[in-house]
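See below for the structure under consideration.
All heavy atoms count here, side chains included; hydrogens, waters and symmetry mates do not. For the single chain, residues carry numbers from 1 onward in sequence order.
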Amino acid sequence: MAGGGPGAAGRGAEAAAVPETREYLFKVLVIGELGVGKTSIIKRYVHQLFSQHYRATIGVDFALKVLSWDSKTLVRLQLWDIAGQERFGNMTRVYYREAVGAFVVFDLSRGSTFEAVLKWKTDLDSKVHLPNGSPIPAVLLANKCDQKDGGHSSSQMDQFCREHGFSGWFETSARDNINIDEAARFLVENILANHQSIPNEENNADRIKLDKEILTAENKSQCC
């Protein structure tokens, strides 16, 4: 008995020294007008693929990205690709439910898609909130920067984001893989900051478990 005690204590101390890994599942919306490149951004981010020939999304598509955020944190991003024609439809409230972050995308080569950004942001803020009532973090993506002709200055975009509650903005290109990973990391940083400031971890863990079950049960494409 006496001989086994120190070894057991050593093993216990060694086990205690192993850091506990925290796992999160975050639902992130990708919204914007039809044809701005939402599907292309997701395919590039999740699969490192790009095609000129994606069909228009009908309803919503799902994708899952797993991030080893740091040595103690694993983040799963459940990316919801919301079809451009779905804006203001009855189903958007269902699609937005439990989201904790969003990308709002417009096409730098089509000015009308930027004009629609505020409609998307207003719709988003009216349908989903953080537990404390605040809007969820939203990052504005000025996509297809490889095709832009002129466009908005950085100072204009910074002011626009401040005035309308965006966490930040990035010029992106799915084709040339510009700023996709950087924009996603910025959004996750904002989500984690909010998540860690909200109490009641047990309830949140239950919601994450439920989201995992929903993700497994759902088809990869939904139509309404």
For the residue pair Asp158 and Ser155, confirm or rule out a side-chain donor-acceptor distance under 3.5 Å. no

Under 3.5 Å: donor-acceptor pair, side chain of Asp70, backbone of Thr73: yes

Quick one: pull up CZ in Phe103 and CH2 in Trp169 and give me the separation to the nearest 0.5 Å. 15.0 Å

Distance col, row Arg22:CZ vs Leu74:CG, nearest 0.5 angstrom, shows 12.5 Å

Give me the atom names and distance for the closest heavy-atom approach of Leu187 to Pro137. CD1-O, 3.7 Å

Any sub-3.5 Å donor-acceptor pair from Gln156's side-chain atoms to Ser153's backbone N or O? yes

Flag side-chain contact, heavy atom, 4.5 Å: Val188 against Leu77: yes

Would you say the side-chain atoms of Asn179 pair up with the backbone N or O of Glu171, donor to acceptor, closer than 3.5 Å? yes

Salt-bridged, Glu23 to Arg76, with N to O below 4.0 Å? yes

Taking every non-hydrogen atom, the tightest pair across Leu124 and Ala138: CD2-CB, 4.2 Å

Criterion side-chain contact (heavy atoms from CB on, under 4.5 Å) on Val66 and Val75, from CA distance to verdict: CA-CA 6 Å; Val66 180; Val75 174; over 6 Å; no

If we only count heavy atoms from C-beta on, is the Val28 to Gln78 side-chain gap below 4.5 Å? no

For Asp181, what residues pass the salt bridge (charged side-chain N to carboxylate O under 4.0 Å, His left out) criterion, not counting sequence neighbours? none

Strictly by modelled atom types, are Asp61 and Trp80 linked by a side-chain donor-acceptor pair under 3.5 Å? no

Can you tell me how far CZ of Phe106 sits from OG of Ser109, rounded to the nearest 0.5 angstrom? 10.0 Å

Sub-3.5 Å donor-acceptor pair from the side chain of Ser126 to the main-chain atoms of Asp123, do we have one? yes

Separation between CG of Leu140 and CH2 of Trp120, rounded to the nearest 0.5 Å: 13.5 Å

Quick check: closest heavy atoms across Ile191 and Gly101, and the distance to 0.1 Å? CD1-CA, 4.0 Å

Side chain Lys65, main chain Tyr45, donor-acceptor under 3.5 Å: yes

Using side-chain contact (heavy atoms from CB on, under 4.5 Å), reason through Phe166 and Met157 one step at a time and then give a plain yes or no. CA-CA 10 Å; Phe166 286 95; Met157 292 297 292; over 6 Å; no

Does Ile41 reach the side chain of Asp81, with side-chain heavy atoms less than 4.5 Å apart? no

Anything under 30° is parallel, anything over 60° is perpendicular, the rest tilted; go ahead and classify Phe26 against Tyr24. parallel

Do side-chain atoms of Asn177 reach the backbone of Ser173 as a donor and acceptor pair under 3.5 angstrom? no

Separation of Ser134 OG from His129 NE2 (nearest 0.5 Å): 9.0 Å

Using the rule that Ile, Leu, Val, Met, Phe, Trp and Tyr join whenever any side-chain heavy atoms are under 4.5 Å apart, tell me whether Ile178 and Ile180 fall into a single cluster. no

How close do Val46 and Ala63 get, heavy atom to heavy atom, and via which atoms? CG2-CB, 4.1 Å

Side chains of Thr172 and Asn143: any donor to acceptor distance under 3.5 Å? yes

Which pair of heavy atoms, one from Ser167 and one from Val139, lies closest together, and at what distance? CB-CG2, 4.4 Å

Can a donor-acceptor pair be found between the side chains of Tyr95 and Arg93 at a distance below 3.5 Å? no

Can you check whether Phe62 reaches Lys27 side chain to side chain, under 4.5 Å on heavy atoms? no

Distance, nearest 0.5 Å, that separates CG of Asn132 from CG of Asn194: 7.0 Å

Go through the steps for Trp69 and Leu192 under the test side-chain contact (heavy atoms from CB on, under 4.5 Å), then give the verdict. CA-CA 10 Å; Trp69 189 253; Leu192 282 169; 3.4 Å; yes

Heavy atoms only: give me the nearest Lys38-Ile31 pair and the separation to one decimal. CD-C, 3.4 Å

Return each pair, listed once, that meets salt bridge (Lys or Arg N to Asp or Glu O under 4.0 Å) where at least one residue sits in residues 101-116; pairs must be two or more places apart or across chains. Asp107-Arg110, Asp107-Lys144

Could you please spell out the steps behind the side-chain contact (heavy atoms from CB on, under 4.5 Å) verdict for His164 and Leu118? CA-CA 8 Å; His164 300 292; Leu118 286 184; 3.4 Å; yes

Sorted by chain and residue number, the salt bridge (charged side-chain N to carboxylate O under 4.0 Å, His left out) partners of Asp125 (sequence neighbours excluded) come out as Lys121

